[in-house]
Enquirer: 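First the structure, which I've put down as structure tokens, then a few questions once you've had a look.
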Amino acid sequence: MIRTAGTILRKDLRLELRTKESVPAMTLFTLTVYVLFHFGLDRDSLDGDLASGVLWVTLLLASVIGVSRLYAAEREQGGVDALLLAPVDRTALFLAKAAGLLLFLVAVEIVAVPAFAILLLGPGLGGALPELLAILMLGNLGVAAVGALVGALAAESRARELTAPLLLLPLLVPLLISCAQATEPLFRQEQGPEDLGRWLGLLTLYDVVFVLLSVAVFDYLLED
Amino acid sequence: MYSKGLKPLAAASAVLLVTAFALVFFYAPNDADQGFVQKIFYVHVPMAIVALCGFVAGGIMAIRHLRSGDPAWDMRSYVAIHMSIILGLGVLITGAIWARASWGHWWVWDEPVLVSFLVVFLLYCVYYPLRFSIDDPERQARYSSVFAITAGAFVPLNFVAVRLAEAYTHPRVLSQTGGSLPGEMRLTFLVSLAAMACLFVTLWKLELTAKHASAELKRLRRRLAERQPAAVA
């Protein structure tokens with residue numbers, strides 16, 4: 001199963017490298033949203049809860065673009081039928097799509113987070129980097145699991161470009177809460193008390209629940 | 001086949017509802033702090049509890065559908081979620097009225113239960129566009145079930161998250177389950193809860209009966225049309 005997933009993932013990554021469809025669009029989107037926030041809030045620099053909120057809302061909105069394109073190739077060219085004909089475990093498709101989305105998000109964040117620090121963030125990013133990386137990784141994992149499931153769920157509906165964000169964003173609210181709350185102390189001007197552990201715990205719980213749940217129900221989306 | 005027991009159920013919910021309202025207006029004392037307006041509690045909280053249970057029950061029925069492949073379970077899950085969304089709208093409206101009366105604002109963001117309910121409600125509203133944008137009935141049932149299970153698991157998780165986000169600033173004095181209510185209020189609350197649950201089951205059964213009957217009618221019409229095409233056309 002891991003090998004099958006690896007093969008599908010390699011296919012997706014090669015496709016992305018050749019067409020350059022999702023990651024550049026998502027990155028460009030985050031930069032545009034920063035500009036929108038700058039004018040919308042009329043602030044030159046942000047700190048504390050405002051900064052962490054802007055960063056996370058931007059990243060989650062960018063992930064919507066990735067999710068709605070996630071199964072485009074499979075849908076348009078009958079990749080799912082081919083997968084169903086092959087004697088492989090269907091969970092492999094989920095694993096590959098989730099891993100692909102995870103890598104897309106990492107690639108976006110490599111540009112988007114430094115850009116945020118330069119464009120909008122008041123206090124420096126330096127000291128808080130390890131914590132921020134841990135939060136980003138756990139957050140990406142959650143988005144990847146939910147996104148891979150929701151993308152498949154929405155792929156069959158007629159108005160999939162509308163259904164995917166509507167499904168994805170409410171499901172991500174607990175993730176947004178824990179990520180934004182965990183990031184908030186890192187972005188403060190003066191370091192205050194933080195309870196990173198509680199939020200990372202909640203984030204881990206969220207990730208575990210949705211990874212297990214998605215693996216359990218994903219098979220039913222491909223049956224035919 | 002669904003209509004069995006519908007009449008006694010309807011009678012029971014009518015009796016329970018009347019009793020509940022009688023208790024609310026004539027038996028339960030006015031709240032010392034909030035006065036008469038606190039009585040909306042006996043509608044709002046049971047409605048919220050029943051709606052949330054309905055969402056989770058919809059998820060459990062969806063699991064049974066995926067396991068057995070029986071479309072009847074999908075229909076049950078759909079109707080349970082449908083009814084819960086209707087109740088959920090009631091919860092949000094009564095909640096806003098209560099918030100306006102006791103806190104002076106139509107909407108209060110630092111009330112974790114209200115906020116989590118809104119998030120859950122928004123998520124379940126997507127059930128309709130998702131379900132009705134899939135044409136193939138068998139696939140529609142499967143996709144709806146997957147949604148119902150995911151959302152059903154999301155309900156408790158979301159409540160934990162939103163509660164944690166507010167926990168430090170707003171400790172909850174009165175638990176919503178009625179654990180610390182004085183005797184008369186508690187009895188009234190429990191009767192209201194029973195009435196609301198009974199009403200939910202009745203409506204659920206009624207809707208299932210109606211759906212079943214119209215499906216049956218469609219089937220019979222089709223058979224009639226096959227037998228004598230000229231007469232129907």
Enquirer: Is A:L166 close to chain B through its backbone or its side chain, or both, or neither, when contacts mean heavy atoms under 4.5 Å?
Expert: both
Enquirer: Would you find a donor on one side and an acceptor on the other, under 3.5 Å apart, between the side chain of B:Y143 and the backbone of A:L221?
Expert: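 Indeed, once roles are kept as given, a pair shorter than 3.5 Å links the two residues.
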Enquirer: With only heavy atoms counted, which part of A:L213 is less than 4.5 Å from chain B, the side chain, the backbone, both or neither?
Expert: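 When you check distances to chain B, only side chain atoms of A:L213 fall under 4.5 Å.
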Enquirer: Look at B:I134, B:V160, B:V146, B:I149 and state which one has the largest set of heavy-atom pairs under 4.5 Å with chain A.
Expert: B:V146
Enquirer: Against chain B, work out which of A:V217, A:L153, A:L162 has the most heavy-atom pairs shorter than 4.5 Å and name it.
Expert: A:L153
Enquirer: Please check if the number of heavy atoms outside A:R75 that lie under 6.0 Å from its CZ is greater than 12.
Expert: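 Yes, enclosed.
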Enquirer: Looking only at heavy atoms, what is the nearest atom pair of A:T163 and B:L130, with distance?
Expert: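 Looking at all heavy atoms of both residues, the shortest contact is CG2-CD1, 3.8 Å.
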Enquirer: Measuring from B:H65:NE2 to A:Y220:OH, what's the distance to the nearest 0.5 Å?
Expert: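 Going from NE2 on B:H65 over to OH on A:Y220, the span is 10.0 Å.
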Enquirer: Taking every non-hydrogen pair under 4.5 Å, which of A:V209, A:L175, A:V173, A:L171 racks up the most with chain B?
Expert: A:L171
Enquirer: Please classify the contact between A:A152 and chain B as side chain, backbone, both or neither, with a heavy-atom cut-off of under 4.5 Å.
Expert: backbone
Enquirer: List the residues meeting side chain to side chain donor-acceptor pair (under 3.5 Å) with B:N158, not counting sequence neighbours, and say none if there are none.
Expert: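 For B:N158 there are no side chain to side chain donor-acceptor pair (under 3.5 Å) partners, ignoring immediate neighbours.
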Enquirer: Please state whether the side chain, the backbone, both or neither of A:L202 comes within less than 4.5 Å of a heavy atom of chain B.
Expert: side chain
Enquirer: Looking at B:F154 and A:P170, what are the two nearest heavy atoms and their distance?
Expert: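 Heavy atoms only, the tightest pair is CZ-O, 3.2 Å.
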Enquirer: Could you list the residues that satisfy salt bridge (Lys or Arg N to Asp or Glu O under 4.0 Å) with A:E184, not counting sequence neighbours?
Expert: A:R188
Enquirer: Can you say whether A:L149 sits under 4.5 Å from chain B via the side chain, the backbone, both, or neither, judging by heavy atoms?
Expert: side chain
Enquirer: With a 4.5 Å cut-off on heavy-atom pairs, point out which of B:V119, B:V126, B:L122 contacts chain A the most.
Expert: B:V126
Enquirer: To the nearest 0.5 Å, what is the distance between CZ on B:R142 and CG on A:L222?
Expert: 8.5 Å
Enquirer: Between B:F132 and chain A, which part of the residue has a heavy atom less than 4.5 Å away: side chain, backbone, both or neither?
Expert: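 B:F132 touches chain A through backbone heavy atoms alone.
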Enquirer: Would you give the length of the straight line joining atom OG of B:S116 to atom CD1 of A:I177, rounded to the nearest 0.5 angstrom?
Expert: 7.5 Å
Enquirer: Taking side chain as everything from C-beta outward and backbone as N, CA, C, O, which of these in A:F210 sits under 4.5 Å from a heavy atom of chain B? Side chain, backbone, both or neither.
Expert: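 Contact with chain B is through the side chain of A:F210 alone.
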